[in-house]
Amino acid sequence: GLPSRLERMTSAYLEAMGAAWRSATCTQCAEMASLSVRVTSLSGDVRTLTDLKPLWSLSELRSRVAEVYGLRSYEVRLCNGLQALANSDLGSALWELGLMEGSLLTMCRQPIVHLREPGDSRYNQQYFCKVVRVEQIGVEDLEVEYESVGDMSLGSVQVQQPTESTLSWHTSTGVLVIARPSSSSVFDSGSVTRMSGSLIFNDVPMSSQVMFTFGNGGYSELTLRLAPP
């Protein structure tokens, strides 16, 4: 009847309010609390990090670790016991990842991508783009430095816009991804036959191989093997 329904509704309301209060209380406690963790490198170099907040993200912790070890943040890989903390965890709060007062983390230095003169993306022998350097500059950010050459034997038809260049790769499920640069810089464009600069690509999987194609007018693909052999 009506009294029993009201009783059930009241009980559900009180339970929901109690859960909300407990959640708010936990959040307030986490905001006020601080914790210390120890970090050890594979060589046994142990550092203690203090005044960390449980609500800090893994990304913030990794930046602190990178600072004390003199590394770039994307070179740092952390493990909490047997649990490897992946890039997908970077936005998670420390308490969500099980870190607590006195936790011992293992830090390993992650190799970064750095390729020197891996090859060319070509239209023919007279028109080509030499890739001078490929370097990782962020967790999933890649810089490609190039020098394009064309002797004008075909006029301006095959003079390409560097910003039309692409990186492409296949995901683990076989889906083809094609990315264009998010930004670019030109170092030298004083000659109609030669241009040099760099292109920045985002969201690049550093553990696979990708294909670089200069411009958008028939240049060949250049395979870039980002992961170490």
Side-chain angles (χ1 to χ4, degrees), residues 57-59 62-63 66 71-77 86-91 109-229:
S57 67
L58 175 61
S59 178
R62 195 171 67 168
S63 294
L71 301 173
R72 290 166 287 193
S73 62
Y74 52 89
E75 291 183 274
V76 171
R77 188 71 178 268
N87 288 336
S88 58
D89 297 318
L90 288 176
R109 186 172 184 176
Q110 185 164 288
I112 63 172
V113 175
H114 188 91
L115 307 177
R116 296 290 299 180
E117 299 185 356
D120 303 332
S121 174
R122 286 184 171 271
Y123 182 77
N124 59 22
Q125 289 298 111
Q126 289 73 42
Y127 288 81
F128 61 92
C129 171
K130 175 182 179 181
V131 176
V132 178
R133 174 180 57 88
V134 178
E135 185 168 351
Q136 183 179 356
I137 58 171
V139 175
E140 295 181 321
D141 303 322
L142 198 68
E143 181 179 17
V144 177
E145 183 181 340
Y146 67 88
E147 181 179 7
S148 66
V149 175
D151 67 356
M152 302 305 288
S153 58
L154 298 177
S156 60
V157 175
Q158 291 306 325
V159 175
Q160 300 291 300
Q161 290 296 323
T163 53
E164 295 296 315
S165 303
T166 60
L167 281 185
S168 61
W169 62 88
H170 285 90
T171 67
S172 58
T173 58
V175 176
L176 176 64
V177 178
I178 300 177
R180 295 193 183 279
S182 60
S183 62
S184 64
S185 301
V186 176
F187 304 150
D188 180 16
S189 60
S191 168
V192 294
T193 62
R194 189 177 298 269
M195 176 188 295
S196 62
S198 71
L199 305 167
I200 306 296
F201 294 88
N202 306 128
D203 302 319
V204 180
M206 300 297 171
S207 59
S208 65
Q209 73 175 27
V210 301
M211 311 299 290
F212 173 75
T213 305
F214 183 66
N216 65 349
Y219 278 60
S220 63
E221 291 183 331
L222 169 64
T223 300
L224 301 176
R225 292 178 173 83
L226 305 184

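The figures here come from the full heavy-atom set of this structure, side chains too, leaving out hydrogens, waters and symmetry mates.
- Electrostatic pairing of E147 and K130 does not count as a salt bridge here, judged by no charged N lying under 4.0 Å from a carboxylate O.
- Checked options Q110, R109, Q136; the residue passing with E75 is R109 (criterion: side chain to side chain donor-acceptor pair (under 3.5 Å)).
- Shown here for A86 and L58, the closest heavy-atom pair between the two residues is O-CD2, 4.0 Å.
- Here CD1 of I112 is found 10.0 Å from CG of L71. Values are rounded to the nearest 0.5 Å.
- Y219 and C129 get closest at one heavy-atom pair: CE2-N, 4.1 Å.
- To the nearest 0.5 Å, atoms OG1 (T166) and CD (E221) are separated by 7.5 Å.
- Side-chain atoms of S198 and E143 form a donor-acceptor pair, as typed in the model, at a separation below 3.5 Å.
- Looking at R62, its side chain does come within 3.5 Å of a backbone N or O of S73 through a donor-acceptor pair.
- Between S165 and G215, the closest heavy-atom pair is OG-N, 3.0 Å.
- For the pair L176/S168, a side-chain contact is recorded, criterion being any heavy-atom separation below 4.5 Å from C-beta on.
- Taking all atoms of both residues into account, the shortest heavy-atom contact from V131 to D120 is N-OD1, 4.3 Å.
- In summary, the side chains of T173 and T171 do present a donor paired with an acceptor at a separation below 3.5 Å, with no hydrogens or angles considered.
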Next item on the list: Under the side-chain contact (heavy atoms from CB on, under 4.5 Å) rule, what do L224 and V113 come out as? Steps first, then yes or no, please.
Entry: CA-CA 10 Å; L224 301 176; V113 175; over 6 Å; no
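- Between R180 and E164 the shortest heavy-atom distance is NH1-O, 2.6 Å.
- Using cut-offs of 30° and 60° on the angle between ring planes, the pair F214 and F212 is tilted.
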Identify all side-chain donor-acceptor contacts of residues 199-208 below 3.5 Å with residues at least two apart in sequence or on another chain.
| unit_1 | atom_1 | unit_2 | atom_2 | d |
| --- | --- | --- | --- | --- |
| N202 | OD1 | S182 | OG | 2.7 |
| N202 | ND2 | D141 | OD1 | 2.9 |
| S208 | OG | P205 | O | 3.3 |

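- The CG atom of L226 lies 8.5 Å from the CD atom of Q209; values are rounded to the nearest 0.5 Å.
- Considering OH of Y127 and OG of S148, their distance stands at 11.0 Å, rounded to 0.5 Å.
- Note that CZ of F187 is 8.0 Å distant from OH of Y146, once rounded to the nearest 0.5 Å.
- Between E140 atom CD and Y74 atom OH the span is 13.5 Å, to the nearest 0.5 Å.
- In this view, D89 satisfies the salt bridge (charged side-chain N to carboxylate O under 4.0 Å, His left out) rule with no residue, not counting sequence neighbours.
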